[in-house]
Amino acid sequence: MDTSTIRLPIRRLPDHFDTSRITTVLDEIECALMDDGGVHVRAHADSMTITIEVPTNQLIDAATCLKDLGLI
């Protein structure tokens with residue numbers, strides 16, 4: 001299966017995401033994508049960026065859900 005990567009800068013996350021608890025943010029993103037978009041993803045972060053690995057055939061669904069969350 002082909003995957004695509006979406007990268008989000010942590011410093012640009014909306015205020016309702018608590019960046020001091022980044023693992024919680026990752027869980028919220030993964031759950032929202034699964035529950036709202038039906039997209040199973042893997043999300044991880046380094047000190048500056050959240051990386052979301054998405055099946056390429058579900059990229060549009062993921063982008064739509066991320067837009068609804070205010071992340072893109």
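Being a predicted model, the structure only gives us computed values, none of them experimental.
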K.L.:
Where is the tightest heavy-atom contact between Ala32 and Cys65, given as atom of each residue plus distance?
P.N.:
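Here Ala32 and Cys65 meet closest at O-SG, 3.5 Å.
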K.L.:
Taking C-beta and beyond as the side chain, do Pro55 and Asp2 meet within less than 4.5 Å on heavy atoms?
P.N.:
no
K.L.:
Assess whether side-chain contact (heavy atoms from CB on, under 4.5 Å) is satisfied between Ile10 and Phe17, documenting all intermediate values.
P.N.:
CA-CA 10 Å; Ile10 292 173; Phe17 288 103; over 6 Å; no
K.L.:
State which residue, out of Thr23, Asp27, Ile29, fulfils the side-chain contact (heavy atoms from CB on, under 4.5 Å) condition with Val25.
P.N.:
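Testing each of Thr23, Asp27, Ile29 against Val25, the sole residue satisfying side-chain contact (heavy atoms from CB on, under 4.5 Å) is Ile29.
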K.L.:
Supply the atom-to-atom distance Leu69 CG to Leu66 CG, rounded to the nearest 0.5 angstrom.
P.N.:
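One gets 6.0 Å once the value is rounded to the nearest 0.5 Å.
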K.L.:
Within the 4.5 Å heavy-atom criterion, are Leu71 and Leu13 side-chain neighbours or not?
P.N.:
yes
K.L.:
Taking all non-hydrogen atoms of both residues, which atom of Gly70 and which atom of Pro14 are closest, and how far apart?
P.N.:
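Between these two residues, the closest heavy atoms are O-CG, 3.4 Å.
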K.L.:
Can you tell which of Val39, Thr3, Leu8 makes a side-chain contact (heavy atoms from CB on, under 4.5 Å) with Ile52?
P.N.:
Leu8
K.L.:
In Å and rounded to the nearest 0.5 Å, what is the CZ to CD1 distance from Arg12 to Ile50?
P.N.:
13.5 Å
K.L.:
If two hydrophobic side chains count as joined below 4.5 Å and joins carry through other members, does Met34 share a cluster with Leu26?
P.N.:
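Each belongs to a different hydrophobic cluster.
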K.L.:
Is the NE2 atom of His40 crowded by more than 12 outside heavy atoms at less than 6.0 Å?
P.N.:
no
K.L.:
Applying side-chain contact (heavy atoms from CB on, under 4.5 Å) to Asp61 and Leu33, what does each step give before you reach the verdict?
P.N.:
CA-CA 8 Å; Asp61 295 330; Leu33 285 166; over 6 Å; no
K.L.:
Strictly distance-based, threshold 3.5 Å: is any side-chain N or O of Gln58 a donor or acceptor partner for the main-chain N or O of Val41?
P.N.:
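No.
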K.L.:
Do Ile6 and Thr51 have side chains that get closer than 4.5 Å, going by heavy atoms?
P.N.:
no
K.L.:
Hydrophobic clusters join Ile, Leu, Val, Met, Phe, Trp and Tyr when side-chain heavy atoms are under 4.5 Å apart, directly or via other members; which others share one with Ile60?
P.N.:
none
K.L.:
Calculate, to the nearest 0.5 Å, the distance between atoms CZ and OG1 belonging to Arg42 and Thr5 respectively.
P.N.:
12.0 Å
K.L.:
Between the main-chain N or O of Ala43 and the side-chain N or O of Glu30, is there a donor-acceptor pair closer than 3.5 Å?
P.N.:
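Answer holds: yes.
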K.L.:
Counting only heavy atoms from other residues, nucleotides and ligands, does the tally under 6.0 Å from CG of Asp15 exceed 12?
P.N.:
no
